[in-house]
Amino acid sequence: MLSAAANPARHFYCNSRVAVLLPLPLAGAYDYRVGADPVAEGDVVEVPLAGRTSLGVVWGPGTSATDQAKLRTILRRLPAKPLPEALCRFVDWVAAYTLAPPGAVLKMAISVPAALEPASPIWAVRALAVPDGLKLTEARRRVLAAAAAHPPLTMADLAREAGTGDSVVKGLVEAGALEKVALAPPAPFAPPQAHRDGPALSESQAQAAASLAEIAGFHVWLLDGVTGSGKTEVYFEAVAAALKRGRQVLVLLPEIALSAQWLGRFRSRFGVEPAVWHSELSDAKRRATWRAVADGTASVVVGARSALFLPFPDLGLIVVDEEHDGAFKQEDGVCYHARDMAVVRARIGACPVILASATPSLETLANVQAGRYLRLHLPDRHAGAVLPDIGVIDLRRTPPPRGFWLAPPLVAAIERTLAEGEQAMLFLNRRGYAPLTLCRKCGHRLQCPHCTAWLVEHRQAGRLICHHCGHATRLPPVCPECEAEDSFAACGPGIERIAEEATHRFPGARVAMMASDTVAGPHAAAEFVRQVADHEIDLLVGTQIVAKGYHFPMLTLVGVVDADLGLEGGDLRAGERTFQLLSQVAGRAGRAERPGRVLLQTFQPDHPVMRALVAGDRDSFIAAEAECRRDAGMPPFARLAALVVSGPDAGAVDDYARRLARAAPHTEGLEVIGPAPAPMAILRGRHRRRFLIKAARTVALQAALKEWLAACPAKQPLRVQVDIDPYSFV
Ligand code: ADP
Ligand code: ZN
């Protein structure tokens, strides 16, 4: 073993065996023999695998007992920088916690294979001595003069500079008067200007910012402040402090693709755009960003949860904004919660992490109470703006007319708002026109052929769509059950139906919809948000994506069409989540000089969630909710895991689930509930049975599950999905 002078912590291996982790769902790393070139931990290599080749990462010394002679040899080391040690440890940690195969986690860390190869050069040209006998036209003279006066330019730039066409430049290259040279690609991200002044902070903001800016080692902060209190401005100070120390910063946002306003604020604070990381980046951008993170030229990355797996060599701060948001939980493949894993990543990297929210999760509040996390509080909206006044509309007493969804008091409030020249927003967390279509003659309901779910009518698109698998179809000409014609009735509203009603009720108003399927991509979303901010829209109808942190100064009224919607289904966090979502929606109202008002349409005005919202009493609500969870032995006071067994054949799934049940662990403090059909009993054509495992915080849950599953391996096409700390109970 040699050690490298540049990085004494890295172990180099030559003439020996090493463990190479492959980005595949295998049980662990495989041993390979080191070839002529020594390799070190974290190096990305190419190795032979079952008649093909695969990328892999050198994970440590070899561990198997296989004969050295039988080992395959590493083919080559890729020119990419080795994965930082902190990232490798993070991959191991996430795999151990989620029970995902380590290779499946590694796959997220090397998600851009093209970024591991050398960057393709950009070709430029520079002037050589003019060859004898070259015919010099006026255009050629100008090109040669321009080439002599500049560092190498691309052919197109040089032609532009000289005011000629590309063909003149090409001709000079062929004649040997210009030479092609490869340029290194430019650093794609300009450094943020950490020394620029931010806005003058209020006293409580300044105190919070000072606490955050001071800390360098591992600490978890909860930045707890009402909507509009300036949490973003405050954590920008911590970002500036980390940048001044020369470190990198990661900011996780729940809907980064829709966060144009956030990017604008970053630009006005730091003078440049940060690097952005989400699933809708182009390949070229993705490659450039991955490399820039690895070589440290991207100093601030704002991203979705997958940004946690970027190869930061020197991460100095992580911010998780809207930390309570369910979008941080990944539900398929490797099931992980990005907020919790951000804390792990920060601990491994010995850097602080800031969790920001106006409605922190019970998990985070429990950690504050236990003294593990530190809380900073911003009690008031900035610049004297007051929190909106929240009231309920009791749908039992003042229902909307038949076939409509907006109750008279809400209609009246919207009319007043529009008459004042202000904006209103109607919120309903349901896409499409109607969630259910049924036959008026026989009662038949149109269902997805692959899932236990109704088809949702999307009238604008002329389709019925399954929101679980994406199956789309047209409305059938006759009822498939009784063959009646023209018998379908749309039941219940989605936002398309609310927008239709609003257009009809408020004929002079400019009405627009915003949902994930009505705005196509980040640019369309940014343009839409600009239109609302510039008051080109009077009445906005939207799903939860309109709740995400936007600041619309003229928006003074928020109407929640169905405040009870999230309370159905009895899932563990239904109350907490509804409270968080409605608080966040309410937080869009009255953010500037004009005070805001929020009206919640509900059949349950006495429900604890509605009472807490009306009274503005988050803390008592959370305390009561926490009490219930403690009594029920539920998270955050105990741990939960879900196992979902699935397969195409219901009988085989049941058989396997029963076998699994017989092998269930009998451990003190651990309770196995099930198997039972999952609420979504069929999803994408697979039958699903679910176990819930409840464990005291003292039980080694992962070890117990691992042993259990190892005793009863699932054979294809059966699958077991493990979800530690599940959030979705479908
Ligand atoms: P939060 O993230 O808590 O909802 P924001 O950081 O978005 O709050 O702040 C709400 C609004 O108030 C934003 O437009 C922000 O620019 C403005 N703001 C907050 N603090 C200040 C400050 N100290 N000076 C000037 N503007 C501020
Ligand atoms: Zn479906």
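We count ligands from 1, going down the list as the structure has it; atoms in each ligand are counted the same way. The structure presented is a predicted model; accordingly, all values stated were derived computationally and were not measured.
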Check your understanding: In the protein, what heavy atom is nearest to atom 16 (O) of ligand 1, and what distance, to one decimal place, separates them?
Key -> E233 OE2, 3.0 Å
Point to revise | Carboxylate-amine/guanidinium proximity below 4.0 Å for E233 and R265 | key: yes
Check your understanding: Going through the distances and angles, do D723 and V644 end up as a side-chain contact (heavy atoms from CB on, under 4.5 Å)?
Key -> CA-CA 8 Å; D723 189 352; V644 173; over 6 Å; no
Revision key, fill the gap. Atom 2 (O) of ligand 1: closest protein heavy atom, distance to 0.1 Å, is T232 OG1, 2.9 Å
Check your understanding: Do R618 and E625 sit within salt-bridge range, that is, some charged N less than 4.0 Å from a carboxylate O?
Key -> no
Point to revise | Close-contact set for ligand 1 against T227 heavy atoms, below 4.0 Å | key: 4 (O)
Check your understanding: Quick one: which of H337, H324, R573 gives a side chain to side chain donor-acceptor pair (under 3.5 Å) with E363?
Key -> R573
**Study point:** Greater than 12 external heavy atoms within 6.0 Å of R719's CZ
**Key:** no
**Study point:** Nearest-0.5 Å distance, CZ of residue R689 to CG of residue L718
**Key:** 11.5 Å
Check your understanding: Just wondering, do E237 and L212 contact through their side chains at under 4.5 Å, heavy atoms?
Key -> no
Check your understanding: Atoms of ligand 1 less than 4.0 Å from P199 heavy atoms?
Key -> 22 (C), 24 (N), 25 (C)
Point to revise | Pairing of K231 and D321 as salt bridge, 4.0 angstrom limit | key: no
**Study point:** Heavy atom of A200, distance to ligand 1 below 4.0 Å
**Key:** yes
Revision key, fill the gap. Logged contact type for V234 with ligand 1, heavy-atom cut-off 4.0 Å, is neither
Exercise for review: Take the Zn ion (ligand 2) as the centre and count protein N, O or S atoms at distances under 2.8 Å.
Suggested key: 4
Review point. Which residue holds the protein heavy atom closest to atom 8 (O) of ligand 1, what is that atom called, and what is the gap in Å?
Key: G230 N, 3.0 Å
Practice item. Keeping the roles fixed (side chain from E576, backbone from L362), state whether a donor-acceptor pair exists under 3.5 Å. Key: yes
Review point. Should you measure from each heavy atom of R591, which atoms of ligand 1 turn up under 4.0 Å away?
Key: 4 (O), 7 (O), 10 (C)
Check your understanding: So is D321 in contact with ligand 1, going by heavy-atom distances below 4.0 Å?
Key -> no
Review point. Less than 3.5 Å between some nitrogen or oxygen of L201 and one of ligand 1, yes or no?
Key: no
Review point. With side chains defined as the heavy atoms from C-beta onward, is the minimum distance between L582 and F427 less than 4.5 Å?
Key: yes
Exercise for review: Determine the interplanar angle of the W221 and H219 rings, folded into 0 to 90°, and report it as parallel if under 30°, tilted if 30 to 60°, perpendicular if over 60°.
Suggested key: tilted
Point to revise | Heavy-atom side-chain contact between R381 and T227 under 4.5 Å | key: yes
Point to revise | atom 25 (C) of ligand 1: nearest protein contact (heavy atom, Å) | key: H382 NE2, 3.4 Å
Exercise for review: State, yes or no, whether a side-chain contact exists between L436 and R445 at a heavy-atom distance under 4.5 Å.
Suggested key: yes
Practice item. May I ask you to list the atoms of ligand 1 that are less than 4.0 angstrom from any heavy atom of V226? Key: 3 (O)
Exercise for review: With atom 7 (O) of ligand 1 as the reference point, say which of K231, Q205, H551, R265 has the nearest heavy atom.
Suggested key: R265
Check your understanding: Nearest protein heavy atom to atom 4 (O) of ligand 1, by residue and atom, and its distance?
Key -> G228 N, 2.8 Å
